[in-house]
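Numbers restart at 1 for each chain; the letters A, B, ... are given by sequence-line order, proteins then strands. Reckoned from all heavy atoms, side chains included, excluding hydrogens, waters and symmetry mates.
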Amino acid sequence: MSEVKITLPDGSSRNYPAGVTGMDIAKSISEGLERVALSIEVGGEIWDLSRPINKDAPIRIFTWNDKGGKYTFWHSSAHVFAEALEALYPGVKFGIGPPIENGFYYDVDLGDKEFGEDDLAKVEAKMVELARKNSLFLRKDVSKAAALDFFKKKGDPYKVELLQDLTDGSITFYEQGNFTDLCRGPHIPNTGFIKAVKLLNVAGAYWRGDEKNKMLTRVYGITFPKQKELEEYLHMLEEAKKRDHRKLGKELELFAFSEKVGMGLPLWLPKGTVLRERLEQFMRKAQIKAGYDPVVTPHIGSKALYVTSGHYEKYGKDSFQPIHTPDEGEEFLLKPMNCPHHCEIYKVKPRSYKDLPIRLAEFGTVYRYEQSGELHGLTRVRGFTQDDAHIFCRPDQVKEEFVKVIDLVLHVFNSLGFENYTAQVSLRDPADKKKYIGEDALWDRAEREIQEAADERHLKTVAVKGEAAFYGPKLDFMVKDALGRNWQLGTIQVDYQLPERFELEYVGSDNQKHRPVMIHRAPFGSLERFIAVLIEHCAGNFPIWLSPEQVAVLPISERFNQYAGQVIQELKNQDIRGYLDDRDEKIGRKIRDAEVKKVPYMLIVGEKEVAENRVAVRKHGAGDQGSVGLDDFVKQFLKEFSMPV
RNA sequence: GCCGUUGUAGCUCAGUGGUAGAGCACUUCCUUGGUAAGGAAGAGGUCGUGAGUUCAAUCCUCAUCAACGGCUCCA
């Protein structure tokens, strides 16, 4: 009998009889592993533990502690969900049901049946009941004809459609209990592993992600091998909600929305404005240092400007509609981006190759008519301010300039403690080129330059097709919010198209006219979105140089209000932001209120402090720090908490 | 824009087919208190908006607006 050589993750290898299964291997390693094994990675593919292995391969056994194990677990859970749903609502049609980062979903067509939150509990109960049966997941190879026949008979048009695209010979079914699904696998050994089930919510989702298709019902759920883990997960979700920037924005009085002003149009309250202006100052300084020239351009521009840029053709009908004037036929658009304005600044005079690069920076407020359902707190709004800049440079300067921008973005992220970002290279969708303008050769060049620049700074990048802007590829810096949703913050884009459309030129050393290249870039992305993600990251406990209120001065009683007034005045003289709480309340109360407002420092003043010109320092979340002279406090504070450079 | 859920005081939320309630916040008074809520009184709501059913609607029906969870989109 032949043998196969199995290499374990630690590099050691063992021989097993051909046809050995993952379960056999797990058992041979330890009984404990056999009990918790969920799936096995064989030569880079994830398999069922029951599938025979017939050739030499490196393997890795997945348990609940591995991402791969969780995916298998949740994939199988999606099947149990489908089984439960079919048991309760016969005739339901199924779309797809994949595992996701946290749990799984299944797209289903329930016909005319309305499926709401009430139904979730019923299905959950049924899932638990079915899981307890310990049904095995059975893999079956089927011919395409047989598979089509099965789903046609069952009346499941979505599966039939999916099957059309599959090649005969590669099709497998999985069966557990009374449910059979078209599925590539893999699955956990049996349903018994699933002990805790929570169906989280119901949503609509277009079949195959296409707006023109029918909308199916998508049910999101998550399962665990232990009830306790489910409880911990739900608790974690609750905690994450406490950091939601919309909740904290209201509680800390940073920003607000008004139905009367209009949806997606944030109102910045005094405290939020301090935060925002601090960030602006920080960026202005960094940009001056990096050789940018600040400019200011108007909030509207004539329609012709956007016709030239190509934005009108692409977004015109889906935008805020043109502003008309008393003059017949005169139309202006609310500025949806700053680039065309900056192009016109470039054009105010002839440019020499010696002038380049020219870096024009503007905190430009723009307005975009986002679809109503897409608005989301401060992360997706209809009026927002970009920390925008456009670099006009020679083709030979593109990479160097791009790398400098990467450095600026990383400086910003480091200064604000964003460590977990993803650098995403956003490319064209090669299958849908009509969505983009410009020649292939220029696109290829731009895409190559971006990748090279990212490599030069050793960024770990993820390339995603179809995410490019319509005029060029991008390097996007993605950061997650409290609930794990990804948002694009910083973005850098190489653009050969707009210089073409605006006929931008410079005179080269050869005395000939040449076309510059444009780099669009915004390290924050937008102040609104950046602040939203910042709030969620620090849970409202901002870096002190950003805090709207850095210090609260709290007199023990009214008798010390005068001294407290002197203290707050001295702080203000030194550009330290703070407030005096001279309410007729006990000190415990004033402290509690300052703690709830997340004020980083509290200075408590009473009899002892007045006598010696001192302050009793209390730190947010850390309690009493003892007393120091006011001057020393100020000196130390300024030293420690000034704006990073 | 699409699917689902929600909308009651400044905030968090109860509640009922017979024109509304709590806690916190707010105002006034008492209290002058040393490191996370002192006490009392008071004021505050067209029950998102519009229509319909009803003797009567905050509650039932429909429409509409907004928010929330997704889908699609994101210059």
Side-chain angles (χ1 to χ4, degrees), chain A residues 105 107 114-120 200-220 241 244 246-247 250-251 253 256-260 262-264 306 309-312 314-316 318-319 335-340 366 368-377 379-382 386 388 437 467-472 474 476 483 485 487-488 491 493 495 498 520 525-526 529 554-561 584-596 602-609 616-627:
Chain A
Y105 68 78
D107 285 347
E114 275 188 29
F115 193 81
E117 311 266 322
D118 307 340
D119 299 286
L120 294 181
L200 297 159
N201 51 44
V202 189
Y206 300 107
W207 168 236
R208 305 201 124 181
D210 191 331
E211 217 173 349
K212 293 179 210 85
N213 286 340
K214 181 169 183 184
M215 181 161 270
L216 305 181
T217 302
R218 175 171 295 181
V219 180
Y220 284 88
K241 278 187 196 150
D244 189 311
R246 293 165 297 195
K247 182 175 155 65
K250 192 183 272 181
E251 286 172 6
E253 297 179 20
F257 289 91
S258 147
E259 277 190 38
K260 231 171 198 160
M263 57 166 128
Y306 305 102
S309 71
H311 289 96
Y312 187 80
K314 177 101 180 155
Y315 296 104
D318 302 317
S319 294
K335 172 164 88 173
M337 83 293 302
N338 305 296
C339 352
V366 297
R368 297 178 183 177
Y369 187 78
E370 306 288 6
Q371 292 186 54
S372 58
E374 194 42 62
L375 300 172
H376 182 100
T379 49
R380 196 76 185 273
V381 286
R382 286 181 167 171
Q386 299 177 304
D388 209 357
I437 58 171
E467 288 292 307
F470 75 93
Y471 51 76
K474 313 187 281 175
D476 293 324
L483 286 171
R485 290 174 291 215
W487 294 98
Q488 174 203 310
T491 177
Q493 310 166 7
D495 179 7
L498 282 191
H520 308 241
S526 82
R529 182 178 291 179
L554 313 178
I556 299 275
S557 85
E558 265 171 33
R559 291 192 291 132
F560 314 108
N561 280 357
D584 176 13
E585 292 290 350
K586 287 194 179 175
I587 191 65
R589 178 51 182 274
K590 294 181 185 181
I591 286 170
R592 181 188 145 78
D593 288 348
E595 290 280 354
V596 169
M602 285 151 267
L603 299 183
I604 291 141
V605 296
E607 191 134 25
K608 284 180 270 178
E609 287 74 24
V617 179
R618 184 187 164 100
K619 215 165 158 178
H620 172 67
D624 194 354
Q625 308 288 301
S627 93

### Message
At 4.0 Å (heavy atoms only), tell me whether A/Ala616 reaches a base, stays on the sugar-phosphate, or touches nothing.
### Response
base
### Nucleotide nearest A/Ile604 (side chain, heavy atoms from C-beta), chosen from B/rA36, B/rA75, B/rG34
B/rG34
### Query
Roughly how many Å is it from CG in A/Leu603 to P in B/rG34, rounded to a whole number?
19 Å
### Message
Considering every strand and a 4.0 Å limit on heavy-atom distances, what is the contact class for A/Gly606: base, sugar-phosphate, or nothing?
### Response
base
### Task
For nucleotides B/rC29 and B/rA43, find the distance between their C1' atoms and express it as a whole number of Å.
14 Å
### Query
Contact class for A/Gly377 (heavy atom, under 4.0 Å): base, sugar-phosphate, or nothing?
sugar-phosphate
### Task
Using a 3.5 Å limit on both pairing distances, list the dot-bracket string of RNA chain B from the 5' end; Watson-Crick and G-U wobble pairs count, crossing pairs take [ ], interstrand pairs take |.
(((((((..((((....[..)))).(((((.......))))).....(((((..]....))))))))))))....
### Query
Which whole number of Å gives the distance between the P atom of B/rC55 and that of B/rC26?
48 Å
### Query
Can you check whether A/Pro336's main-chain N or O pairs, donor with acceptor, with A/Arg368's side chain at less than 3.5 Å?
yes
Shorter than 3.5 Å, N or O on both sides, protein versus nucleotides 43-45 of chain B: list them out with atom names.
none

### Task
Identify whether any heavy atom of A/Lys474 sits under 4.0 Å from a base atom; if not, whether one sits that close to sugar-phosphate; answer base, sugar-phosphate or nothing.
sugar-phosphate
### Message
Classify A/Gly310 by what it touches in the nucleic acid, base, sugar-phosphate, or nothing, heavy-atom distance under 4.0 Å.
### Response
nothing
Filtered N/O pairs between nucleotides 29-31 of chain B and protein, under 3.5 Å:
| residue | atom | partner | partner atom | Å |
| --- | --- | --- | --- | --- |
| B/rU31 | N3 | A/Asp584 | OD1 | 3.3 |
| B/rU31 | N3 | A/Asp584 | OD2 | 2.9 |
| B/rU31 | O4 | A/Asp584 | OD2 | 2.1 |

### Query
A/Gln371 side chain: which of B/rG1, B/rG33, B/rG69 is closest?
B/rG1
Distances under 3.5 Å between protein N/O atoms and the N/O atoms of nucleotides 2-8 of chain B, please, pair by pair.
| residue | atom | partner | partner atom | Å |
| --- | --- | --- | --- | --- |
| B/rC2 | O4' | A/Tyr206 | OH | 3.4 |
| B/rC3 | O2 | A/Gly204 | N | 2.9 |

### Query
At under 4.0 Å between heavy atoms, what does A/Arg618 touch on the DNA or RNA strands: base, sugar-phosphate, or nothing?
base
### A/Gly623 backbone acceptor or donor facing A/Gln625 side chain under 3.5 Å
yes
### Summary
When rounded to whole Å, the NZ to P distance for the pair A/Lys260 and B/rA67 reads 16 Å
### Task
Among B/rG70, B/rG33, B/rA75, find the nucleotide with the atom closest to the side chain of A/Arg218.
B/rG70
### Task
Tell me what A/Ile556 touches on the nucleic acid: a base, only sugar-phosphate, or nothing, going by heavy atoms under 4.0 Å.
base
### Task
Could you please name the option among B/rA67, B/rC74, B/rA36 that lies closest to any side-chain atom of A/Tyr315?
B/rC74
### Query
So what does A/Arg485 touch, heavy atoms closer than 4.0 Å: a base, only the sugar-phosphate, or nothing?
sugar-phosphate
### Summary
By nearest-heavy-atom nucleotide on RNA chain B, the more 5' of A/Glu607 and A/Pro336 is A/Glu607
### Message
Could you tell me how far B/rG38 sits from B/rU19 if I compare only their C1' atoms? Round to whole Å.
### Response
38 Å
### Query
Which value, in whole Å, describes the distance between the C1' atoms of nucleotides B/rU16 and B/rC59?
7 Å
### Task
Write down the distance between NZ (A/Lys619) and C1' (B/rA36), rounded to a whole number of angstrom.
18 Å
### Nearest listed nucleotide, side chain of A/Glu211, among B/rU32, B/rA75, B/rG1
B/rG1
### Task
Assess whether one donor atom and one acceptor atom, taken from the side chain of A/Glu253 and the base of B/rG10, lie less than 3.5 Å apart.
no
#### Entry: Sequence-distant partners of A/Phe115, ring pair (Phe, Tyr, Trp, His ring centres under 6.0 Å), two or more places apart
A/Tyr89
### Query
Separation of A/Asp476 atom CG from B/rC74 atom P, in whole Å?
12 Å
### Task
Look at A/Lys250 and B/rU12 and indicate whether a side-chain polar atom (N or O) is within less than 4.0 Å of OP1 or OP2.
yes
### Task
Under 4.0 Å between any heavy atoms, over every strand shown, what does A/Asp624 touch: base, sugar-phosphate, or nothing? Just pick one.
base
### Message
Between B/rG52 and B/rA57, how far apart are the two P atoms, rounded to whole Å?
### Response
11 Å
### Query
How close do A/Leu498 and A/His520 get, heavy atom to heavy atom, and via which atoms?
CD1-CE1, 3.8 Å
### Message
If you go through the side-chain atoms of A/Arg380, does one of them form a donor-acceptor pair with the base of B/rC73 closer than 3.5 Å?
### Response
yes
#### Entry: Value in whole Å for how far the P atom of B/rA75 lies from OH of A/Tyr306
16 Å
## Note on the structure
So the salt bridge (Lys or Arg N to Asp or Glu O under 4.0 Å) pairs with at least one residue in residues 205-216 of chain A (sequence neighbours excluded) are A/Asp109-A/Lys214, A/Glu161-A/Arg208, A/Asp165-A/Arg208, A/Asp210-A/Lys212
### Task
Using the P atom on both, measure B/rG48 against B/rC13 and round to a whole Å.
15 Å
### Atom P, compared across B/rA9 and B/rG45: separation rounded to whole Å
11 Å
### Task
Kindly indicate, with the supporting measurements, whether the criterion side-chain contact (heavy atoms from CB on, under 4.5 Å) is fulfilled by A/Thr217 and A/Asp107.
CA-CA 6 Å; A/Thr217 302; A/Asp107 285 347; over 6 Å; no
### Task
Could you give me the CA-CA distance, side-chain angles and deciding distance for A/Ile556 and A/Glu607, then say whether side-chain contact (heavy atoms from CB on, under 4.5 Å) is met?
CA-CA 8 Å; A/Ile556 299 275; A/Glu607 191 134 25; over 6 Å; no
### Message
Does A/Gln625 reach a base, just sugar-phosphate, or nothing at all? Heavy atoms under 4.0 Å.
### Response
nothing
### Message
Heavy atoms only, 4.0 Å cut-off, all strands: where does A/Tyr105 land among base, sugar-phosphate and nothing?
### Response
nothing
### Task
For A/Tyr220 and for A/His311, find the nucleotide of RNA chain B with the closest heavy atom, then tell me which residue's nucleotide is more 5'.
A/Tyr220
### Summary
Rounded to whole Å, CD1 of A/Ile587 lies from C1' of B/rG33 at a distance of 9 Å
#### Entry: With A/Glu370, the side-chain hydrogen bond (donor to acceptor under 3.5 Å, both in side chains) member among A/Arg382, A/Arg380, A/His376
A/Arg380
### Message
Between A/Asp318 and A/Tyr369, is the side-chain contact (heavy atoms from CB on, under 4.5 Å) condition met? List the steps.
### Response
CA-CA 7 Å; A/Asp318 302 317; A/Tyr369 187 78; 5.8 Å; no
### Task
Measure the distance from NE2 on A/His376 to P on B/rC73 and round it to the nearest whole Å.
18 Å
### Task
Can you tell me, in whole Å, how much space there is between the P of B/rU5 and that of B/rA40?
44 Å
### Task
Nearest whole angstrom, please: distance from the C1' of B/rG69 to the CG of A/Leu375.
15 Å
### Task
Look at all strands and tell whether A/His520 reaches a base, only sugar-phosphate, or nothing, counting heavy atoms closer than 4.0 Å.
nothing
### Task
Using only side-chain N and O atoms of A/His620, determine if any of them is under 4.0 Å from OP1 or OP2 of B/rA36.
no
### Task
Describe, in one word, how the ring planes of A/His311 and A/Tyr306 are oriented to each other, choosing from parallel (under 30°), tilted (30 to 60°) and perpendicular (over 60°).
perpendicular
### Message
Does B/rG69 have its OP1 or OP2 closer than 4.0 Å to a side-chain nitrogen or oxygen of A/Arg246?
### Response
yes
